[in-house]
2 protein chains.
Amino acid sequence: MSAEPGTVRPGGRTARVRAAVLRAAGDVLVEQGFDGLDLADVARRAEVGKTTVYRRWGSVTGLVADLLADMAEQSLPREETGSALGDLRANAALVRRTLADPRQGALFRAVIAAATCDERTAQALRRFYEVRVAEWAPCVEQGVARGELPVGTDADAVVRAVSAPLYYQLLTTGVIPDAPAAERAARAAHAAAVAGVYVG
Amino acid sequence: MSAEPGTVRPGGRTARVRAAVLRAAGDVLVEQGFDGLDLADVARRAEVGKTTVYRRWGSVTGLVADLLADMAEQSLPREETGSALGDLRANAALVRRTLADPRQGALFRAVIAAATCDERTAQALRRFYEVRVAEWAPCVEQGVARGELPVGTDADAVVRAVSAPLYYQLLTTGVIPDAPAAERAARAAHAAAVAGVYVG
DNA sequence: GGGTAAACGGTTCTACTGTTTCGTTACGCT
DNA sequence: AGCGTAACGAAACAGTAGAACCGTTTACCC
């Protein structure tokens, strides 16, 4: 009943194993996608015992959830350009670059797929976006303070509105969003915010 | 080498089997999600030979793709309200109702998950949305003709912009969009279109 | 530096997924 | 109605995912 393995002695070998497994899992995801993720294969690539992978992560979704948690730790700081539209543009460009990156893009698709069938992964995903949205929400609040956006604008909603079309395009058409798409996403969210759609 | 089974004699028993299997597959997807879809289990529920399911659909993604094709056949006709905003509202409400429906919502999540790891499913999904978007694009074109929206507005982009936030919310937060969310989605797309974001 | 137990890893085993075979049913055609 | 064969279905078979066991390594504490 020692809770979860890896929590009592997280240093040294345990950390090395975790890093190797997550790296290998990422590689497999990029190459074969979510349902090609075989834990035995991951163990082989990571040069780690198959038992260890099954014991610590248990299932494909558990592994993906941990991979996401690992990614969440390396979130990039927000840029500030001086205007709400500029900040939203910067955000859109960042999201687009993330989705366009072969490794991170594949990872996001896998994570979203995993979240649709596993509650724990879904929670991890939710928390990830909460952090990301909270990081960027201030740019909307500053826009309100500057008088660029209406008072009472829901900052989180605006930030989410920037990401939505980019994710939607990637997931439903499979086409990786390009720079103009990011520009449109930023301008659309800005225009809607200015029009007061996100007030109240 | 008789091509695909079910193509030469598609009537009678074959059709009954297909209907039973698709129904059972939908049930499993709703209950357990994409990776809980076991073909043997589906066969059992459909009261159909396990062999048949494997022979005709082969894999989980193949079955999901067929399920999607079946869904595409029952697309609802577009409503017309007399204004671009009203039409976009109607579209948003329709999309929201679809996602909120326990069966269809779960199905969509599963299909999107499946599309992330199987090219054939991804194609089926793409075609599905092409049809849906094409069905609703005329309401934007009418809006342009009426002078409500700028000349040169990309009709498809506007229609997609309505759906994007609703799907994004469902997939990343797991929260089923409510009526106000649909209203916001419609107004945001409309505001962005009016501002000329989708021109060119 | 030594003790303790947490975590790893090789092997074995079981249960289940997916395939193959072959006999049976019934669809479509005349 | 009767025939030929497409499609179905039960059972035997194969391959593998994932769990259990147990010895080995090594991280943490003193």
- [ ] Tell me, yes or no, whether the heavy-atom count around Glu47(A) atom CD, taken from other residues, nucleotides or ligands under 6.0 Å, exceeds 12.
- [x] no
TODO: Could you tell me whether Arg120(A) atom CZ has more than 12 heavy atoms of other residues or ligands within 6.0 Å of it?
DONE: no
Task: Selection residues 128-152 of chain B - residue pairs positive for ring pair (Phe, Tyr, Trp, His ring centres under 6.0 Å), sequence neighbours left out - done: Phe108(B)-Phe128(B), Tyr129(B)-Tyr167(B)
TODO: Could you tell me whether Arg56(A) contacts a base, only the sugar-phosphate backbone, or nothing, with contacts defined as non-hydrogen atoms closer than 4.0 Å?
DONE: sugar-phosphate
TODO: Hey, could you give me the OG1/CZ distance between Thr172(B) and Arg132(A), rounded to the nearest 0.5 Å?
DONE: 12.5 Å
Open item on the list: Just verifying a value: how many Å separate Leu68(B) CG and Arg126(B) CZ, rounded to the nearest 0.5 Å?
Closed with: 12.0 Å
Task: side chain to side chain contact (heavy atoms under 4.5 Å, CB included) partners for Val48(A), two or more places apart - done: Val17(A), Val21(A), Ala46(A), Thr52(A), Val53(A)
Task: Any residue of residues 110-122 of chain A with a heavy atom less than 4.0 Å from an atom of DNA chain C - done: none
Open item on the list: Using five base pairs at each end to define the local axes, how bent is the helix from dG1(C)-dC30(D) to dT30(C)-dA1(D), to the nearest 10°?
Closed with: 60°
Could you state the atom-to-atom distance from [atom1] of [X] to [atom2] of [N] in whole Å?
| X | N | atom1 | atom2 | answer |
| --- | --- | --- | --- | --- |
| Arg13(B) | dC27(C) | CZ | P | 6 Å |
| Trp57(A) | dA7(C) | CH2 | P | 12 Å |
| Arg18(B) | dC8(D) | CZ | P | 12 Å |
| Arg16(A) | dA7(C) | CZ | C1' | 12 Å |

Task: Under 3.5 Å donor-acceptor, Arg96(A) side chain and Pro177(A) backbone - done: yes
Taking only nitrogen or oxygen atoms into account, show me every contact under 3.5 Å that the protein makes with nucleotides 16-20 of chain C, one pair per line with its distance.
| from | atom 1 | to | atom 2 | distance (Å) |
| --- | --- | --- | --- | --- |
| dT17(C) | OP1 | Asp38(B) | OD2 | 2.9 |
| dT17(C) | O5' | Asp38(B) | OD1 | 3.4 |
| dG18(C) | OP2 | Tyr54(B) | OH | 3.0 |
| dG18(C) | N7 | Lys50(B) | NZ | 3.2 |
| dG18(C) | O6 | Lys50(B) | NZ | 3.1 |
| dT19(C) | O4 | Lys50(B) | NZ | 3.4 |

Task: Contact summary for Leu37(A) and Val60(A), nearest pair of heavy atoms - done: O-CG2, 3.3 Å
Open item on the list: Applying salt bridge (charged side-chain N to carboxylate O under 4.0 Å, His left out) to Asp101(B) and Arg97(B), what does each step give before you reach the verdict?
Closed with: CA-CA 6 Å; Asp101(B) 179 75; Arg97(B) 260 182 285 123; over 6 Å; no
Task: Electrostatic pair Glu79(B)-Arg89(B), nearest N-O below 4.0 angstrom - done: no
Open item on the list: List the residues meeting side chain to side chain donor-acceptor pair (under 3.5 Å) with Asp27(A), not counting sequence neighbours, and say none if there are none.
Closed with: Arg103(A)
Open item on the list: Which nucleotide wins on minimum distance to the side chain of Arg55(A), given the candidates dC8(D), dG9(C), dT25(D)?
Closed with: dG9(C)
